[in-house]
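Because only heavy atoms are used, hydrogens play no part in the values below, and waters and symmetry mates are left out as well, while side chains stay in. All ligand and atom numbering here is 1-based and tracks the order in the structure.
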Amino acid sequence: MKRAAVITGSTSGIGLAIATALARSGADVMLNGFGPAEEIDAIVARLKAHGGRVAYHGADMTKPEEIEDLIARTHRDFGSLDVLVNNAGIQHVEKIEDFPVAKWDQIIAINLSSSFHTMRAAIPLMKAKGKGRIINIASAHGLVASPFKAAYVAAKHGIMGLTKTAALELAEFGITVNAICPGYVLTPLVEKQIPDTARTRGITEAQVKSDVMLKFQPTKDFVSVEEVAATALFLASDEARQITGTHFSIDGGWTAQ
Ligand code: NAD
């Protein structure tokens, strides 16, 4: 059956892989996120080759009215909204006492509050259809903490609570709400953290990869974006209709410790 999906922060990394997997499955896809116009045009063209409709909306996840418009336009353009993937996220690595207040606010807005705003707008549309899938890209940091990532860890723990609350509110409406908790995935977000973490801890960038990032990932390997996308695709499927209010960890054993 034809499905329409919106994926926040899908111009890069995990979001782009999820958008690609959904487009490949035949879904209509609304892309979102930042980036140079020519790169976004190229992504739209690449995804359109899979046969579904593909559009782009540049809503800034710190702006509730733009988020509302993203959801409304997805529904208007595709005539339906079946899958919402809350994926947009940023990171900042700093000690709490030196953490810039504006960065705290921005991370809470993008990594947590934006999901409340997308859900607030999407839920009435999904309820009217009697069906829906909401997938929140949380993190291993939604379950456990690391130092120097106060805003990120707080936001990701918050999204776990929002996931469970929404799942309970929506269970009888055919709408499932789940989180995916990846460990370290080598995407631009993680690559950008390497120099900052090296500076904060006074170690080399190679040591950040081996001793900090993969230290807690027992498989000693990064997660791939395609592995996260495959899990999202499963959660979006009809077969996953009884899976709600929970999370899948894809973290090479990190949170088993
Ligand atoms: P990324 O930097 O590759 O992609 C982030 C996306 O979010 C981009 O498309 C970017 O344009 C978009 N974005 C950023 N700010 C935005 C804003 N204000 N409005 C709209 N879009 C915005 O990062 P990624 O690693 O693919 O991360 C995606 C999600 O996965 C994030 O929520 C992140 O916390 C989570 N995650 C990542 C990892 C990892 O190791 N990479 C691990 C666990 C969870």
query: Side chains of Leu112 and Ile159: does their closest heavy-atom pair fall under 4.5 Å?
result: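 Yes - at least one pair of side-chain heavy atoms lies under 4.5 Å apart.
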
Identity and separation of the nearest protein heavy atom to [atom]:
atom: atom 28 (C) of ligand 1; value: Asn87 OD1, 3.2 Å
atom: atom 9 (O) of ligand 1; value: Thr11 OG1, 2.7 Å
atom: atom 12 (C) of ligand 1; value: Gly9 CA, 3.6 Å
atom: atom 27 (O) of ligand 1; value: Leu189 CD1, 4.0 Å
atom: atom 21 (N) of ligand 1; value: Gly33 CA, 3.6 Å
atom: atom 4 (O) of ligand 1; value: Ser12 OG, 3.6 Å
atom: atom 19 (N) of ligand 1; value: Met61 N, 2.8 Å
atom: atom 11 (O) of ligand 1; value: Phe34 N, 2.8 Å

Taking only heavy atoms of [X] into account, list the atoms of ligand 1 that are under 4.0 Å away from them.
X: Ser10; value: 9 (O)
X: Tyr184; value: 40 (O)
X: Gly89; value: 5 (C), 7 (O), 31 (C), 32 (O)
X: Asn32; value: 20 (C), 21 (N)
X: Gly13; value: 3 (O), 26 (O)

Main-chain N/O of [Y] paired to [X] side chain as donor or acceptor, under 3.5 Å:
X: Ser10; Y: Asn32; result: yes
X: Lys131; Y: Met126; result: no
X: Arg24; Y: His50; result: no

message: Membership question, hydrophobic clusters at under 4.5 Å side-chain separation (ILVMFWY): are Val223 and Phe234 in the same one?
response: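 Yes, Phe234 and Val223 fall within the same hydrophobic cluster.
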
How about [X] and [Y]: does a side-chain donor come under 3.5 Å of a side-chain acceptor?
X: His247; Y: Asn178; value: no
X: Asn136; Y: Thr163; value: yes
X: Thr200; Y: Lys95; value: no
X: Arg46; Y: Thr20; value: no

Any N or O of Asn111 closer than 3.5 Å to N or O of ligand 1: no

message: Ile90 versus ligand 1: do any nitrogen or oxygen atoms come within less than 3.5 Å of each other?
response: no

- request: Give a yes or no on whether the ring-centroid distance for His92 and Tyr152 is below 6.0 angstrom.
  value: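 Between Tyr152 and His92, which both carry aromatic rings, the centre distance is not below 6.0 Å.
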
- request: Report the C-alpha separation of Lys149 and Asp196 in whole Å, then their side-chain angles, then the decisive distance to 0.1 Å, and conclude whether the salt bridge (Lys or Arg N to Asp or Glu O under 4.0 Å) test is met.
  value: CA-CA 11 Å; Lys149 295 184 177 177; Asp196 286 347; over 6 Å; no

Does ligand 1 have an atom under 4.0 Å from some heavy atom of [X]?
X: Lys156; result: yes
X: Gly183; result: yes
X: Ala17; result: no
X: Ile110; result: yes
X: Pro188; result: yes

field: Option whose closest heavy atom lies nearest to atom 41 (N) of ligand 1, chosen from Val228, Asp60, Val185
entry: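 Closest candidate by heavy-atom distance is Val185.
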
task: To the nearest 0.5 Å, tell me how far Leu235 CG sits from Thr246 OG1.
output: 9.5 Å

Examine the proximity of ligand 1 to [X] and report which part, side chain or backbone, both or neither, has a heavy atom under 4.0 Å away.
X: Val190; value: side chain
X: Ala138; value: backbone
X: Ala59; value: backbone
X: Tyr152; value: side chain
X: Ser114; value: neither

query: Is the shortest distance from a Lys or Arg side-chain nitrogen in Asp77 or Arg73 to a carboxylate oxygen in the other one below 4.0 Å?
result: yes

- request: Could you check Ile175 against Arg133 for side chain to side chain contact (heavy atoms under 4.5 Å, CB included), going step by step and ending with a plain yes or no?
  value: CA-CA 6 Å; Ile175 303 167; Arg133 294 284 183 269; over 6 Å; no

message: Below 30° counts as parallel, above 60° as perpendicular, anything between as tilted: where do the rings of Tyr184 and Trp254 land?
response: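 Plane angle under 30°, so parallel.
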
